[in-house]
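Note on naming: letters A, B, ... go to the chains in the order of the sequence lines (proteins, then strands), and numbering restarts at 1 for each one.
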Amino acid sequence: MNTTFLIEIGTEELPPKSLRTMAESFQNNMIVLLTKNHIKYDEISWYATPRRIAIKIEKLNITQRKKKYKGPSISNAFDSLGYPTYSTKCWIKKLGIKINQVSRLKEKQREWLFYEHFINNFQIEEKLVEISISSIKNITIPNFMKWNKNNVQFSRPIRNIVMLLNNKIVKQKLLGIQTNRLLSGHMFMKNNKIKIFHAKEYPEILLKSGKIIADYNIRKTKIKNESQKIVNLTGKYLKINDFLLEEITSLVEWPTVLIASFEEKFLNIPNEILIYIMENQQKYFPIYDINSNKLTNKFIIISNIETKNPQNIILGNEKVLNARFSDAEFFFHKDQKIPFHEYQPLLKNIIFQHSLGTLHDKINRIKKLITWIIQFTQANINNCIQAANLCKCDLVTDMVFEFPEMQGIIGMYYALYNNELENIAIAIKEHYLPRFSNDIIPSDSTSYSLALSDKTDTLVGLFIIGKNSTSKDKDPFSLRRLTIAIIRIILEKKISIDLTLLLKESLKTYSNIENEKVILNKIIQFIVERIYFIYVKKNYAPAIIKSVLKCNITHLIDIDLRIKAITNIYNSNTLKSLILMHKRISKILILSQEKLHKNIDYELAQETEEKIIISLYKCIYAKIQHYLLKKDYNSILVELYNLYEPVCVFFEKIKIHDKNISIKKNRLVILKKIHILFFTTADFSLLY
Amino acid sequence: MNNITTFNQIIFKLKNYWKNQNCTIIQPLDIPVGAGTFHHKTFFGTIGPEPTSIAYVQASRRPSDGRYGKNPNRLQHYYQFQVIIKPAPNNIQNLYLKSLKSLNINFKNNDIRFIEDNWENPTLGACGQGWEVWINGMEITQFTYFQQMGGINCDPISIEITYGLERIAMHIQNKDSIYQIIWENNKKCITYGDLFLQNEFENSIYNFEYSNVDICLNLFNIHMKEAQKIICLSHPLLLPAYEHALYGIHYFNLLDAKKSFSTTERQQHILHIRTIIKTIAKQYYHLRQQSELPLL
């Protein structure tokens, strides 16, 4: 019963950013195939280091494992002459057995054909090999490579495969390698081959004889805890970024935490750059001052080796970091040689998009657009114009050339050094926000006015030159992300702006556009799709979102209020009544197909109920107009609901058909008027 | 001081080591290039199925990397030691580590790591998966399994090992700056700075400040035109064409250092170079096939 299976793939150093995903995907593939093959087990675990990925399955249930198959029922199994029927023949053929191997199974007074057989160890071994090969081949790998003649592809060269069932090697040549029982120890601390006698010895044997912590999570925790401990001793603190922690965990087999420092003078360089170099390029953890929250000149190195005298490693790393910082300093001083605003003419050299001109042209369009936008954002015009002038200047600097991810941040610092106003500097940094789905949005009115102008300009520009993606999965120019950013800014900052007007205004800033109307409609359609998905993602009912979007409004705040108002009464009797009323009225209007007058003719109202409903309509119409101005859709829905009972009575008491066609038509007009009132909020026909 | 392994000895030891691994030691290319990869023995050698095994020192120029002699480990002119083997041996990583050992690099007191770094050279139409090799956080080697060269899929795969000689010397000699490296330890101790500091200073000034955009652009066009012309001959001259392309790339790099390109212009130039390089690679492959791949 106590069977353990182990497979370890020994490789050259695997990509750290995908190590965990690869190991987890290996395990998931195994789980799926084990289940599919009815192989039971108690536990399955994955292990991953830069040089290996392993799966261990414990308590595999393989002894006398019965596999049962139920066939056709006896009544269907044999024909009148007692010969097997077609379905019986198919069944035994599928199983690869003969009819005399089949028995019968009684269940709930019925009887079936039945076959069971025992799987022996030999077969399960074969199955496990099959499952392992298929699982390896289907590991999620971002980037395949080849390394030798036999054309095997993997993330990195595979150099060794250990496959054990208990103490026995599962002999097999897979991926061009003969399986064996030799594990590699730490490349530099042990540099040995470890003979593993039994699968259950994994991963402990690696720890004991190989100086390797194969368990990813144990390694991760160790790095985190020991780093924190060392830093706490110095009275400072760490902000550990989980992505970096994962990456470092994937880079070492035997993590050793060391503390080091860089030359203090470099703290004068914008700190984001220092942090970027430490984290992204050198894989260090920066250390911060506990009181001021500021970056200090200390940092943590996670070395992959434990030595008696780590001074060598510390000094080496310090030298490298100082050299890198000295490079950043070089760019920093070189960039400062000319005032920040003088970079602006250089934007003429950078093409924004082919046939959409240079970044300089883009800035000019942004300025026109932002001048219009500020009426809705109440931002200061001068600040906005200056922020627009400067927002792309850092793209010409050496610093951003060297560290492209620092765009915006560098601009902010350079603006501050050149005594620009703080909110202009912040806008330069923040106009790139939000960069991804959960990113923060620009904080200040100058920032979000600029962000909105820049993003709208890009969106409109790319549609003009037809770079809008038509395929469903591909978004090469990130237009979806851009659109979602625009929507988020408007909604979260409650900017009362109509998208159609915004787009029209942006189109005006481009010259010589053909088919302006077609382009505008395409963009609106594209945006409306995004709005739909945003609300779906927020768990609003698709029917409600559609019913509101059907009204062809492009005022986001308005859309938002309507969706929320209907959602408030979702599943309530109010909504049910409204839907019922709308349905009845629609039916009659659709059936009648009469040409109707625009207005109700009061003279033609004969019956009391008719008169009541007209006066009620007049009153409610006035109220709704009032609420409409305030975009108070909750109240509008209440008012509509007030029509429900009277309309019911109306239908009960009054026949629409009348000999007098004018009277009939007039009754239809009344209904039509009420019907139109619904559209002030949504197209209710989509809510049925 | 006498025991220190000089820069010269590092080169000597590496040549010796790789010679013993059956590599043919050859001499550098006499044309300004950005990396050892551009040597025609690497470029052509990695195309097609014929095996190769060579090693050489290559002087490399990267105009944008000039720092007026002020940065401790960045230069616009430096030396690489390049090993190229096709097909890549299974134990290549080990062979490489042994080469470090032959330089007396201690594996027990240093943190040696292979950090993912997938290499790509758009002008050469080349790419491959590999690593930067770090010693205590400093990159000393680029280790790459080429997947493509000249736009042609590599089959079999070549392994390229490129040692940054200055960085290795800094480590071995325990120096804080490239300029302090002992180049030769004869009667007078000659440092890297003695030999090259002036060069770095003057060339940085030239590359960033005085190089003439019009002249560079002209030279670029002249070389590309010439390359284009001689690959269109009835008997194309592939090596000279490739060499002209290399000159072209150098002038492109000079223009780049002065940031004289807009984004699209830059891209257009890269595409222009790549088209020519790809044509050369394809014709070369074709030619070798016609001569029945003599090295197989």
> Which heavy-atom pair separates B:Phe107 from A:Ile305 by the least distance, and what is that distance?
Replying inline: O-CD1, 3.2 Å
>> Side chains of A:Asn349 and B:Glu265, heavy atoms from C-beta outward: is any pair under 4.5 Å?
In response: no
> Given that the side chain runs from C-beta out, which part of A:Val396 has a heavy atom under 4.5 Å from chain B: side chain, backbone, both or neither?
Replying inline: backbone
>> With a 6.0 Å cut-off (strictly less than), is the heavy-atom count around CZ of A:Phe144, excluding the residue itself, greater than 12?
In response: yes
> Shortest non-hydrogen contact from A:Phe401 to B:Lys259?
Replying inline: CG-CE, 4.0 Å
> Which bit of B:Phe146 comes within less than 4.5 Å of chain A, counting heavy atoms only: side chain, backbone, both or neither?
Replying inline: neither
>> Between B:Gln93 and A:Glu12 (side chain of the first, backbone of the second, donor and acceptor by atom type, cut-off under 3.5 Å), is there such a pair?
In response: no
>> Taking side chain to side chain donor-acceptor pair (under 3.5 Å) as the criterion, tell me which of B:Asn136, B:Asn174, B:Asn73 meets it with A:Lys319.
In response: B:Asn174
>> Please classify the contact between A:Phe325 and chain B as side chain, backbone, both or neither, with a heavy-atom cut-off of under 4.5 Å.
In response: neither
> Counting heavy-atom pairs under 4.5 Å to chain B, which of A:Ile314, A:Asp398, A:Leu14, A:Thr358 comes out on top?
Replying inline: A:Asp398
>> Let's test your reading of the structure: which of A:Leu315, A:Asn148, A:Leu346, A:Asn304 forms the most heavy-atom pairs below 4.5 Å with chain B?
In response: A:Asn304
>> Just by distance, no angles: are the side chains of A:Ser326 and B:Asn71 close enough, under 3.5 Å, to form a donor-acceptor pair?
In response: yes
>> Quick check on A:Pro310 against chain B: is it the side chain, the backbone, both or neither that has a heavy atom closer than 4.5 Å?
In response: neither
> Which heavy atom in A:Ile313 sits nearest to a heavy atom in B:Asn109, and how many Å separate them?
Replying inline: CG1-O, 3.5 Å
>> Assess whether a salt bridge exists between A:Arg324 and B:Glu139, defined as any Lys/Arg side-chain N lying under 4.0 Å from an Asp/Glu carboxylate O.
In response: no
>> Does B:Lys101 have more than 12 heavy atoms from other residues, nucleotides or ligands lying within 6.0 Å of its NZ?
In response: no
>> Can you tell me how the ring of B:Tyr68 sits relative to the ring of A:Phe330, calling it parallel under 30°, perpendicular over 60° and tilted otherwise?
In response: tilted
> B:Arg67 versus chain A, heavy atoms under 4.5 Å apart: side chain, backbone, both or neither?
Replying inline: both
>> Using every non-hydrogen atom in the two residues, find where A:Lys149 and B:Pro156 come nearest and quote the distance to one decimal.
In response: CG-CB, 4.3 Å
> In Å, rounded to the nearest 0.5 Å, how long is the span from CH2 of A:Trp147 to CD1 of B:Ile92?
Replying inline: 15.5 Å
> So do B:Phe114 and A:Pro50 actually touch side chain to side chain, heavy atoms under 4.5 Å?
Replying inline: no
>> Looking at chain B, which one of A:Asn322, A:Val320, A:Thr307 has the largest number of heavy-atom pairs inside 4.5 Å, strictly under?
In response: A:Val320
>> Rounded to the nearest 0.5 Å, what separates atom CD1 in A:Ile177 from atom CG in B:Asn90?
In response: 7.5 Å
> Considering only heavy atoms, which portion of A:Leu258 lies under 4.5 Å from any heavy atom of chain B: side chain, backbone, both, or neither?
Replying inline: neither
>> Once rounded to the nearest 0.5 Å, what's the spacing between atom CG of A:Asn143 and atom CD of B:Gln147?
In response: 8.5 Å
> Quick one: of B:Asp155, B:Leu97, B:Asn94, who has the most non-hydrogen atom pairs under 4.5 Å with chain A?
Replying inline: B:Leu97
> Among B:Phe261, B:Tyr145, B:Phe208, B:Trp134, which has the most heavy-atom pairs under 4.5 Å with chain A?
Replying inline: B:Tyr145
> Taking all atoms of both residues into account, what is the closest heavy-atom pair of A:Ile302 and B:Arg113, and its distance?
Replying inline: O-NH1, 3.2 Å
>> Within this structure, what is the CD-OG distance for the pair B:Glu116 and A:Ser18, rounded to the nearest 0.5 Å?
In response: 6.5 Å
> Which atom names give the shortest non-hydrogen contact between A:Arg156 and B:Trp131, and what distance separates them?
Replying inline: CD-CZ2, 3.2 Å
>> I need the B:Ile115 CD1 to A:Gln281 CD distance, nearest 0.5 Å.
In response: 12.5 Å
>> Need one label for B:Ile135: side chain, backbone, both or neither, based on atoms under 4.5 Å from any heavy atom in chain A.
In response: neither
> Under a 4.5 Å heavy-atom cutoff, which of B:Asp117, B:Asn118, B:Asn106, B:Ile157 has the most pairs with chain A?
Replying inline: B:Ile157
> Considering only heavy atoms, which portion of A:Glu402 lies under 4.5 Å from any heavy atom of chain B: side chain, backbone, both, or neither?
Replying inline: side chain
> Can you tell me how far the CE atom of A:Met189 sits from the NZ atom of B:Lys108, to the nearest 0.5 Å?
Replying inline: 8.0 Å
> Pick from A:Met145, A:Lys283, A:Gln282, A:Lys308: which one has the most heavy-atom pairs with chain B under 4.5 Å?
Replying inline: A:Met145
